[in-house]
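A short write-up of the structure that comes next.
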Amino acid sequence: MKTTVIGILGSRLDHQGLGKRRHSRWRPSVGILMHPDFPVDEFVLIHHEDEAELAGITLRDMRELAPNTRLTSHVVNYSNPWDFGEVYSQLHDFTRHYRFDPEQNHYYVHITTGTHVAQICLFLLTEANYIPGKLLQTSPSKEGTQGTLQIIDLDLSRYDQIASRFEREAQEGMAYLKGGIDTRNPAFNALIAQLEQVSIRSAAPILLTGATGVGKSRLAKRIYALKKQRGQVSGKLVEVNCATLRGDNAMSALFGHIKGAFTGALTARSGLLREADKGLLFLDEIGELGLDEQAMLLRAIEDKVFTPFGSDKETSSDFQLIAGTNRDLFQRVRDGKFREDLLARINLWTYELPGLRHRLEDLEANIEYELQQFTRKVGHKVSFNKAAREQYLAFAQTPAATWRANFRDLNSSITRMATLANGGRITEESVTEEIRRLRYDWGSFQEAAASNNSDSVLHEFVADEVLETIDHFDRVQLAEVIRVCRTAKSLADAGRSLFNVSRTQRASANDSHRLRVYLQKYGLTFQQLT
């Protein structure tokens, strides 16, 4: 492996007098070539165009000292050596054009010389692997002119203490996003682990999806708090439910308006996007936003500018965005109700939060969390007795517990039992009553859904004039027969399923004939249903 050193000419340290006295003084760039235990095959010397004379003398001295070392120079011409953007841009251009070959070369970046801005830029380019090497620090010594060398490896995995500190901070960030709840669900924990990294490393939009009640809003607030804690935002959190925005009010609420923009606009309004400047904007139920508002939002996300309602002047807001939705936005795009370009812009970091039914291993920890929240709110501790806790947990994990509204259902359930808990203890009697209530609530939704499904099935296959002559009892029966037929492989298969008991009591079971006659009664055939 060959050794390549990349360094910047030091206008002060490498100067050390342009006369003969320079040979008796320590010059960092030249001194590197004086170390017999650190042979250099190539030295790339970066210098400003105004330092051509000094660069020429330095390179000549280096060539005399190490004739076998390949010496090349790279000229920069930034007008202000203290302008970070300008210096970084030109050094970055160097890394793009230089042909690095880490398979054949060890690269060392000399950061002793140059301005502090140039040293920082070289460090950042090396840390980001634009220069695939290690840092080289030199310093003068009491004896001789070669000085000392110190190699700095930026591979943090070699430093257990630093790596463990970063790991500890990441774990703290994950625990914060989870609200201190000791979750065990592998998929949810993996989601939070990545979201912690994205929250502190990226200012790009984040899209949180999932059913109502899975905790999108609560998670958005914690992401904001984590970002603010880590210095990612300085402004405030602005929340809005897009389902509440309609017509002119939507434009005005989001983007503001000028005085007189519409009837009733007696004063100007800055708008929520402006309020979120330097902070975070959480748009919940973004799928409900109108197409006009979507177009303006897209420009505000990309260009950080928008036009208040009724105004002809742009205003700006540098906000970060979290969007939430319980809808399938891809389906909304197909239906023409959501802009495809906006979806593409906010779909960079998308996280689907699982419902409570898919996180039953986290149920007990969330019950404890809800009890703690209730205790903080009312000022006295509430807990289950052992039998009551076991009874509630046993029911909560059965198929009968649908947790329709997810964590909102759990919050309401714990709140009811805790409120009625005499002496701060939730008993078996309280749990029994609560289970009865939950069964009734969820059963009502299921009955309504079943009724709606039955009606839609019947209207799909049976004419309205025929349906008007059928009793409710017969409608329910016919809807179930149609459902079975649609999933059966054949007429005989459907008949065996529908007449599974009575067919055993007949000497000769002709299930196909019985089912065919039943369907003909309503003008239907098996072929129509499949």
Report task. Answer yes if the side chains of Ser199 and Gln232 hold a donor-acceptor pair under 3.5 Å, and no otherwise. Result -> no
Query - Arg425 versus Ser383, side-chain donor and acceptor atoms under 3.5 Å - result: yes
**Report entry** Check against salt bridge (Lys or Arg N to Asp or Glu O under 4.0 Å), Arg437 and Glu434
**Finding:** CA-CA 5 Å; Arg437 173 171 181 147; Glu434 178 61 23; 5.4 Å; no
Query raised in the report: Can you list every pair that meets side-chain hydrogen bond (donor to acceptor under 3.5 Å, both in side chains) and has a residue in residues 276-285, with sequence neighbours left out?
Result: Arg274-Asp277
Requested in this report: Tell me whether the centres of the aromatic rings in Tyr224 and Phe282 are closer together than 6.0 Å.
Outcome: no
Report summary line: For Pro399 and Arg357 the tightest heavy-atom approach is CA-NH2, 4.2 Å
Query raised in the report: When you check the side-chain N and O atoms of Thr212 and Asn326, is any donor under 3.5 Å from an acceptor?
Result: yes
Report summary line: d(Trp349 CH2, Ile206 CD1) to nearest 0.5 Å is 9.0 Å
Requested in this report: Could you tell me whether the side chain of Asn185 and the main chain of His358 form a donor-acceptor pair under 3.5 Å?
Outcome: yes
Query - Ser497 side chain vs Ala494 backbone, donor-acceptor pair below 3.5 Å - result: no
Report task. Grab the two heavy atoms, one from Leu519 and one from Thr525, that are nearest each other, plus how far apart they are. Result -> CD1-C, 4.1 Å
Report task. Check side-chain hydrogen bond (donor to acceptor under 3.5 Å, both in side chains) between Glu370 and all other residues, then give those that pass, not counting sequence neighbours. Result -> Asn411
Query raised in the report: Is Glu288 salt-bridged to Arg327, cutoff N-O under 4.0 Å?
Result: yes
Query raised in the report: In terms of side-chain heavy atoms, does Thr350 have a donor or acceptor partner in Asn347 at a distance below 3.5 Å?
Result: yes
Query raised in the report: Can we say Lys337 and Asp335 salt-bridge, meaning some charged N sits less than 4.0 Å from an Asp/Glu carboxylate O?
Result: no
Query - Contact summary for Ala253 and Leu245, nearest pair of heavy atoms - result: CB-CD2, 3.8 Å
Query raised in the report: When you look at Arg299 and Glu314, which way does the salt bridge (Lys or Arg N to Asp or Glu O under 4.0 Å) test go after all the steps?
Result: CA-CA 11 Å; Arg299 186 177 180 228; Glu314 293 180 342; 2.3 Å; yes
Report task. Output yes when Glu368 and Arg389 qualify as a salt bridge under the 4.0 Å nitrogen-oxygen rule, no when they do not. Result -> yes
Report summary line: For Arg334 and Asp328 the tightest heavy-atom approach is NH2-OD2, 4.2 Å
Requested in this report: Return the minimal non-hydrogen interatomic distance between Phe338 and Ile346, and the atom names on each side.
Outcome: CZ-CD1, 4.3 Å
Report task. Validate the cation-pi geometry between Arg514 and Phe499: distance from NZ or CZ to the six-membered ring centre under 6.0 Å, angle to the ring axis within 45°. Result -> yes
Report task. Could you tell me whether the side chain of Arg184 and the main chain of Asp362 form a donor-acceptor pair under 3.5 Å? Result -> no
Query - Minimum-distance pair of heavy atoms, taken over all atoms of Ile426 and Ala421 - result: CG1-CB, 3.9 Å
